[in-house]
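Single-structure report; data block below.
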Amino acid sequence: DAKTTQPNSMESNEEEPVHLPCNHSTISGTDYIHWYRQLPSQGPEYVIHGLTSNVNNRMASLAIAEDRKSSTLILHRATLRDAAVYYCILRDAPYGNKLVFGAGAILRVKS
Amino acid sequence: NAGVTQTPKFQVLKTGQSMTLQCAQDMNHEYMSWYRQDPGMGLRLIHYSVGAGITDQGEVPNGYNVSRSTTEDFPLRLLSAAPSQTSVYFCASSYSKGSLMNTEAFFGQGTRLTVV
């Protein structure tokens, strides 16, 4: 399974943008990049995913480097509710049967 | 839609007891899976199923059994509980057309299990 590397933790101020980085230098050409987050005492929640192009949805944006060896999850205006552990995960080809969770990155949001 | 429902939410077992953690989804998803999460760690895959009648082992399958007789239900059985199985257990489901690469997973709220 291809691996990802994230910072252990990050801190942001409320209503400011947050950029969460992820390195995945061993990614293969057909692996999708997925992001999930886990709020305290809850199950993981899907955030966004992409293959090559940048992606936007109502929760966040995903910026993927041209060589695909890194990506950045962008929360445009952090709220207290965004405080969570964020997981950057690669869905391995060909079937993506396994979501391999690392330790993730803790995001703290200050009011 | 209820999504993914896990029962019970909390359970305390004595060493050696057996029990079944229930997981049901109402989204007609073919793919279902079980994870465990130990304190301060990410989730680890226990077992998964790509459809009714088909199951496979994940990263940490020892001490657990699964079966998939219907699309909706994917129970996880602990055969003889051990303190090392104290953990939070999450069930997840995904829509699958043969590949999960381009799909999202829906998780339940978890079952917090303590084995004493």
Side-chain angles (χ1 to χ4, degrees), chain A residues 1-9 22 24 27-53 55 57-60 62 64 68 73 84-106, chain B residues 2-7 9-10 21 23 25 27 29-51 54-61 68 87-112:
Chain A
D1 297 328
K3 301 224 180 291
T4 64
T5 304
Q6 300 177 250
N8 290 336
S9 64
C22 181
H24 28 78
I27 191 170
S28 74
T30 50
D31 291 347
Y32 277 75
I33 302 158
H34 287 247
W35 283 83
Y36 284 77
R37 71 180 185 181
Q38 188 174 21
L39 279 64
S41 301
Q42 302 221 6
E45 174 186 34
Y46 167 81
V47 178
I48 200 166
H49 76 279
L51 182 61
T52 55
S53 305
V55 184
N57 66 20
R58 64 175 179 80
M59 288 181 69
L62 177 60
I64 301 173
R68 299 206 334 119
L73 178 70
V85 179
Y86 285 78
Y87 297 98
C88 171
I89 299 166
L90 300 182
R91 284 271 205 185
D92 293 351
Y95 301 116
N97 282 345
K98 304 173 186 177
L99 279 171
V100 180
F101 286 80
I106 299 170
Chain B
V4 178
T5 303
Q6 291 184 236
T7 56
K9 287 186 170 49
F10 301 93
L21 278 62
C23 176
Q25 52 91 9
M27 297 172 282
H29 286 167
E30 297 94 338
Y31 181 87
M32 296 184 74
S33 55
W34 277 102
Y35 292 83
R36 61 176 286 174
Q37 184 173 34
D38 300 320
M41 297 180 65
L43 283 71
R44 291 184 292 169
L45 181 64
I46 304 172
H47 285 285
Y48 64 95
S49 168
V50 298
I54 306 169
T55 63
D56 205 347
Q57 296 182 350
E59 183 184 359
V60 288
R68 184 94 179 271
S87 189
V88 182
Y89 291 83
F90 292 100
C91 178
S93 75
S94 298
Y95 175 69
S96 166
K97 270 192 181 178
S99 171
L100 292 151
M101 300 290 285
N102 197 20
T103 64
E104 64 178 279
F106 294 83
F107 284 81
Q109 290 300 299
T111 295
R112 189 173 298 273

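The model shown is predicted, which means the values in this text are computed figures rather than measured ones.
Side-chain atoms of B:Asp56 and B:Val50, non-hydrogen and from C-beta on, never get closer than 4.5 Å to each other. In this structure, A:Arg91 and A:Leu99 have side chains that are in contact, with non-hydrogen atoms separated by less than 4.5 Å. For the pair B:Leu21/B:Trp34, a side-chain contact is recorded, criterion being any heavy-atom separation below 4.5 Å from C-beta on. With a 4.5 Å cut-off on side-chain heavy atoms, B:Ser87 and B:Tyr89 count as touching. B:Leu45 is listed as a side-chain neighbour of B:Ser33, based on a closest heavy-atom distance under 4.5 Å. Between A:Phe101 and B:Glu59 there is no side-chain heavy-atom pair separated by less than 4.5 Å.
A:Arg68 has no carboxylate O lying under 4.0 Å from a charged side-chain N of A:Asp31, or vice versa, which leaves the two without a salt bridge.
Heavy atoms closer than 4.5 Å to chain A are found in the side chain of B:Gln37, but not in its backbone. When heavy atoms are compared at a cutoff of 4.5 Å, B:Val88 does not approach chain A at all. Both the backbone and the side chain of B:Leu43 come within contact range of chain A, each with at least one heavy atom under 4.5 Å from a heavy atom of that chain. For B:Phe106, no part lies near chain A; criterion is any non-hydrogen pair under 4.5 Å.
At a heavy-atom separation below 4.5 angstrom, chain B is approached by A:Pro44, A:Tyr46, A:His49 within residues 44-51 of chain A.
Using cut-offs of 30° and 60° on the angle between ring planes, the pair B:Tyr35 and B:Phe107 is tilted.
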